[in-house]
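Report on one structure; see the data block that follows.
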Amino acid sequence: MAYSLKEIMNRPERITGGHRMCAGCGAPVAVRAILRALDPEDHVVCGAATGCLEVSTFLYPYTAWKDSFIHSAFENAGATISGAEAAYAAWKRKGKIDETYKFIAFGGDGGTYDIGLQSLSGAMERGHDMVYVCYDNEAYMNTGIQRSSSTPKYADTTTSPQGTVLPGKQQYKKNLTYVMAAHGIPYVAQTTLTANFKDIHEKAHKAIYTKGPAFMNVFAPCPRGWRYDTPNLMQICKLAMDTCIWPVYEIEEGVWKLNYKPKKKLPVEDYLKTQGRFKHLFHKQNLHLIEELQKDIDNKWEDLLKRCGEA
Amino acid sequence: MKKEPRLMQGNEACVEGAIAAGMRFYAGYPITPSTEIAELSAEKLPYVGGRFIQMEDEIAGMAATIGAALTGVKCMTATSGPGFSLKQENIGYAAIAEIPCVIVDVQRGGPSTGQPTCPSQGDVMQAKWGTHGDHPVIALTPSSVKETFDLTVRCFNLAEKYRMPVILLLDEVIGHMREKVQLPEASEIEIIDRKRPACSSEEYLPFKPEEDLVPPMADFGTGYRYHVTGLVHDETGFPSNSTKVADKLIRRLVDKIEMHKDDIIQWEEENTEDAEIIILSYGCVARAARTAMKALREKGVKVGLFRPITIWPFPEERVLELAGKVKSIIVAEMNLGQLVLEVERLCNNITKIDRVNKVSGEIIYPEEIAAKVEEVL
């Protein structure tokens, strides 16, 4: 069936409004989009590692989640959902349960790229029929903007402060999507929020209904940590794709496929200048750092094009 | 020039104290309510030639602290309850491998994620028994911002002196509270550095204790090559299956503290001379206890305050002495009764022991302590 934004948007929400995520935050938009990809008759068990999403979506006595929900410890959303999925599989095998349940773990980049990486890797390797979704906002936002291994080079955070000694974070962002692709699991996707939500919807549907483990890395900007005006969320996602800072692609049974190739690749400045965390890069003495970032993006883009057979 | 008094947070005073004590390496991980300690270390360490690294998780924060300490640098990491739990294996490693380092635990409500932004004193027993096996423990607990500075310095000094991990137990109130603080001049601060070997590298035995039971420690990278392990080891540092070696090592590690209790243990007492009732309290709760005591004294109630500053090892002798003189000891703490177990163990047959406990995430109020005193009277 052809994708219809209207049909998709008319589905009942599985994470409702009234949660306390910030205006202009990408994470809840991403979660809503992913849950909308579930067939409405299917149940889902959601798990979330400690983080903004977890702390802001169920404030006693309320919850925004319409499905079963587990808040795990920070480091083990992957393992916790593994346990639930394994128990369900055993029930299914013994004929003790009829309905279909799906299993989705959510984690921020801190809970996924860093402290939860071992747990995620284990869950994927064991082959649980589950989806792990990372909403990647490129720092520990819940504790107040500390760098993570997902924070891009030269971004200003409270533990990689830009100042007279150093111009922000000194390391490049970890390429987690590649790391997950190397697990050889049935489905890996990198996506973000696009105007018609088609990319994230279709990828979520594939991830959920592909048998076995799947991983989705969703670029989800944070207005507090990145310092942008809240209405600019979608524009920043678009610029991330058009500058090739965040290409959207998928790996299905080992086959790499690029889902969006900008007609005109924009220079990285266009993206950097939208966010306060990169403001210092536009000082005269730092302009060469932008060139360095551009080179790095170009190299990584070329590499991806090769993998996707587009070079 | 005398330093200006400053308004600062407990967590900030901790970083100031650490840098004054000589901290030049910090490895940690963001966790509420200790994150400011990491943030300020990230900001301040580069200016004194130090290094801050943010690690991928709590375990790594502790491990990197150990690794750096072996090179001769004074190191610290900070965390809160869940992170303190994750660090425990490596805290035991630091105990058996005799690695000087400081671990700050800004206590929040637990167990698990618990109440991240609320105060608690729920980690008192975790500080003592959180890692497995018998091991030495030193834990200090301040009850003001200035004392946080002083005790952070002292944690480094004790870590260096006794070659072991030392724990600073803060709580969320002390960590986040702001007070006016007059920081001391560098010349007024006593700094202790670890003993280094006086012998040549050929003769050096890394785990051969001197009379004080503490072995001199060589810095990695200075030609004194030696083996470091979490296994039971002999004086050379190499693992041993000998029951004798194991028994000797574990007893020495624990005796290292037992032998120097008088040097390590500190407490504060107020109005204990004529007291009929003593409130025993520490950290933020000791402030409420002091207010309660003052109000009761104005009414003519003979009540005193005993505040352990060194929580482990516990000031047993003094508590025992006081117990013989009073009708009751009331232990007020923000848990369901942890340090009170120590008091009961010591004084059960000597005096009556009462408790004021709270685990709601709210500090104990002076009125609640005063009400208990009046009930016991």
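Below, chain A is the first sequence line, B the second, and so on; all start at residue 1. Everything numeric in this text was worked out from a predicted model, so none of it was measured.
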Where does [X] contact chain B at under 4.5 Å (heavy atoms): side chain, backbone, both or neither?
| X | value |
| --- | --- |
| A/Thr158 | both |
| A/Phe74 | side chain |
| A/Gln146 | both |

* To do: In plain terms, say whether A/Arg147 and A/Glu138 are close enough for a salt bridge, that is, a side-chain N and a carboxylate O under 4.0 Å apart.
  => no
* **Donor + acceptor pair across side chains of A/Tyr178, A/Asp303 (<3.5 Å)** => yes
* Cut-off 3.5 Å, side chains only: do B/Glu56 and B/Tyr29 have a donor facing an acceptor? ->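 Per modelled atom types, B/Glu56 and B/Tyr29 side chains form no pair under 3.5 Å.
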* Is it the side chain or the backbone of B/Thr32 that comes within 4.5 Å of chain A heavy atoms, both, or neither? ->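 For B/Thr32, heavy atoms of backbone and side chain both lie under 4.5 Å from chain A.
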* Which answer fits B/Ile31, side chain, backbone, both or neither, if we ask what part of it has an atom under 4.5 Å from a heavy atom of chain A? -> backbone
* Asked: Is B/Lys74 positioned over the aromatic face of B/Tyr26, cation under 6.0 angstrom from the ring centre and no more than 45 degrees off axis?
  ->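 No - B/Lys74 does not lie over the ring of B/Tyr26 by the 6.0 Å and 45° rule.
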* List for me each residue that meets side chain to side chain donor-acceptor pair (under 3.5 Å) alongside A/Asp109, sequence neighbours excluded, and say none if there are none. =>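 Once residues adjacent in sequence are excluded, the partners of A/Asp109 under the side chain to side chain donor-acceptor pair (under 3.5 Å) criterion are A/Ser148.
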